[in-house]
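Remember, it's 1-based here, ligands and their atoms both numbered in the order they're listed. Positions are given from 1, in the same order as the sequence printed here.
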Amino acid sequence: MKKILLSLATAMLLVPTAFSQVYLDAKAPIEERVEDALERLTLEEKLGLIHAQSKFSSAGVPRLGIPTVWCTDGPHGIRAEVLWDEWNTAGWTNDSVTAFPALTCLAATFNPNMSLLYGRAIGEEALYRGKQVLLGPGVNIYRTPLNGRNFEYMGEDPCLSATMVVPYIKGVQAQGVAACVKHFALNNQEDGRHTTNVHVSDRALYEIYLPAFKAAVQQGGAWSIMGSYNRYRDQYACHNQYLLQDILRKEWHFDGAVISDWGGCCNTDQAIHNGLDMEFGSWTNGLTEGKSNAYANYYLADPYRDLILAGKVGTEELDQKVRNVLRLIFRTSMNGYVKYGALCNEEHQSVARRIAGEGIVLLQNNGGLLPIKKEVKKILVVGENAIKPLTVGGGSSSLKVKYEISPLAGICERAGKDFDVKYVRGYVGTGATVQDGMVSGAEMEDKRPVAEVQAEAVAAAREADLVIFIGGLNKEGHQDCEGVDRLQYELPYGQDEIIAKLAAVNPNIVFVNISGNAVAMPWLQQVPAVLQGWFNGSEAGHALADVLFGDVNPSGKLPFTIMPALTDYPAHQMGAEVYPGVSNEHYPILMEEYYKEDLFVGYRYADLSPKARKALTGVACKSQPLFAFGHGLSYTTFAYSDVKLEGRFLTVTITNTGDRAGKEAVQLYVAPQKPKVARPVKELKAFKKIALEPGESRTVKFEIKDEMLQYFDDQKHEWTLDAGKYQLLVASSSADIRGKAMYEVK
Ligand code: BGC
């Protein structure tokens with residue numbers, strides 16, 4: 001009897017395990033869930049998981065209760081719903097969102113806490129909108145100021161972008177939404193993005209172009225990554241053996257899903273073998289290829305199935321892809337948490353405003369023109385970007401917002417009755433009001449002759465106490481926009497001419513550059529105050545007014561170098577081979593591009609002597625930055641003192657020596673002394689942002705880690721630390737070194 005009871009009990013214990021659906025148990029270890037689900041899937045169901053079923057979704061497995069995966073752009077807000085098979089908006093009335101500041105602005109905060117706030121808030125909006133994958137953040141390095149998508153990225157420096165990307169991902173993923181870090185890798189321009197084969201040294205690849213992706217994977221724990229459109233070593237990045245298999249999987253141990261950029265997959269065989277997990281966007285209108293169901297024609301759909309059925313490929317790779325997708329699903333829609341997210345709530349608005357205010361960079365403030373003084377009575381606001389909706393446009397990051405505070409509206413609101421604010425246009429752009437299928441709703445047309453528009457502005461400027469010119473780029477084609485690069489470094493629509501004219505009649509003039517890129521500033525001597533204003537989203541106008549009126553003390557630092565002219569950037573000194581690429585000799589439609597400036601991007605180039613520059617690019621360029629990487633002024637001042645190195649720890653005391661509270665991003669650069677291999681003069685290796693009341697001092701501590709001193713040895717294919725001396729530079733910008741110490745590696 002006892003025996004019978006025992007075996008009954010054992011059977012009862014065993015039966016539920018044998019027949020239970022482990023994959024549905026959110027508490028079970030994820031790998032067990034994955035294997036359990038995998039075993040239950042048919043071939044068709046597996047294939048359904050790895051390619052799109054609509055513009056932004058892939059099929060789940062309804063039979064097993066595994067839901068559809070919904071993706072959304074990214075990276076500045078949740079994109080409006082589009083039609084099933086098309087890019088056109090679906091016309092929903094409940095998909096208006098908060099536009100957060102562009103990632104260039106986020107990077108400019110030099111404040112990882114802002115990244116975390118950003119990630120959490122945008123993750124909540126994604127969750128509320130029912131999305132599992134947020135297509136962002138973007139961390140391609142700022143190689144040239146012409147890149148149309150620099151505004152979606154985090155600047156020129158690998159340490160800055162690697163540090164800032166991690167909390168963004170953690171914030172998003174804490175909501176149960178996957179971040180999809182893009183565009184992996186070497187997508188550093190828009191011109192020729194679908195055809196360009198990038199030739200880059202291993203050192204530049206590992207030291208400059210990959211660190212932010214690596215940090216996203218290893219420190220951020222990103223659950224997905226997007227392959228880019230371009231090629232590298234003759235293979236498309238979306239199915240690139242070197243990038244996806246060798247580096248991402250083998251070296252970095254990425255366990256998430258590799259998602260193709262939309263239309264970035266173009267070869268079944270490579271997609272099978274080289275590490276792509278999910279194919280999206282291959283036929284852009286969903287219907288061109290295949291009359292009944294275009295999605296069945298995707299490279300990873302019927303063509304893949306046919307190869308398997310014909311015995312030409314096995315199912316090992318397929319199972320691996322499915323595992324990666326199942327893991328993505330179990331981490332997101334099937335994670336067992338009950339969370340609903342939130343859309344456009346007050347918290348998100350305040351996050352958007354705070355980040356924008358902290359990212360705006362005060363580049364120049366001669367004579368202390370800013371913040372706006374009480375004595376100023378008449379303020380003249382000039383420029384199209386003061387009134388143009390700028391959350392719309394730019395390509396896939398274009399947003400349908402619940403509201404957008406324009407700079408003019410923000411200034412008027414803050415000025416209230418204390419100031420008399422007048423607005424004139426000053427210059428007129430294209431008048432476009434529809435971009436990427438999104439109607440901005442603003443009336444931008446102004447058909448008056450240029451001379452009349454300019455004369456009106458000049459006359460008004462004569463009468464004003466202060467002129468605030470709000471211009472820059474505007475996310476239309478060639479003006480910071482996906483798909484095309486800028487055509488010129490200079491400001492468009494005759495802005496340089498009108499700025500110079502205004503400055504000639506009123507020396508109290510502020511230029512606010514709304515852009516994600518550096519621009520030429522030929523009138524800089526005549527314009528005492530300059531702000532880098534970014535595309536700042538829903539709260540743009542409030543944040544700008546906060547800074548202009550001094551309610552927020554600016555603390556943003558430039559995430560890229562502003563050189564005087566385009567030809568002062570090394571990518572523009574060596575001909576078309578180096579930018580934008582030249583035709584392949586056998587297949588003229590394909591482009592080849594050589595990153596001959598190698599490691600010397602941004603300040604790494606600006607730091608070189610004319611002789612070293614000549615050796616690098618053939619041009620003995622003598623230009624110095626107009627504004628250096630890491631530069632940004634405050635309405636207060638900071639003194640750096642007591643730089644001390646004890647063992648591995650460097651400390652420095654920062655004192656607020658002015659009369660208002662402020663924040664400073666303290667930067668640590670490392671300068672290897674007499675290195676064995678060519679190395680940049682110095683490189684940013686850490687930074688900390690601190691807040692100080694007037695008169696307050698605080699000590700900032702940095703730990704010197706070996707990895708801060710290493711370089712990538714391309715012969716041994718590993719990071720290497722050489723013995724020798726390394727100067728540690730404590731700085732307020734890459735051009736403003738405030739203290740030094742010598743560190744030695746024996
Ligand atoms: C862009 C991606 C974007 C995708 C979906 C592509 O054209 O390069 O960044 O996420 O479209 O809109």
Would you check, one step at a time, whether the test side-chain contact (heavy atoms from CB on, under 4.5 Å) holds for F280 with I259?
CA-CA 7 Å; F280 278 92; I259 297 179; 3.7 Å; yes
With a 6.0 Å cut-off on ring centres, are Y229 and W262 close enough?
no
W252 ring center within less than 6.0 Å of Y206 ring center:
no
Is there a salt bridge (charged side-chain N to carboxylate O under 4.0 Å, His left out) between D261 and K182? Walk through the geometry before answering.
CA-CA 8 Å; D261 199 344; K182 65 194 191 183; over 6 Å; no
Mind checking what residues have non-hydrogen atoms under 4.0 angstrom from ligand 1?
F56, D73, R79, W87, L135, R149, K182, H183, R193, M226, Y229, D261, W262, S396, E482
Check the side chains of Q532 and S515 for a donor-acceptor pair under 3.5 angstrom, ignoring hydrogens and angles.
yes
Would you please name every residue forming a side-chain contact (heavy atoms from CB on, under 4.5 Å) with T332, sequence neighbours left out?
Q132, A178, W223
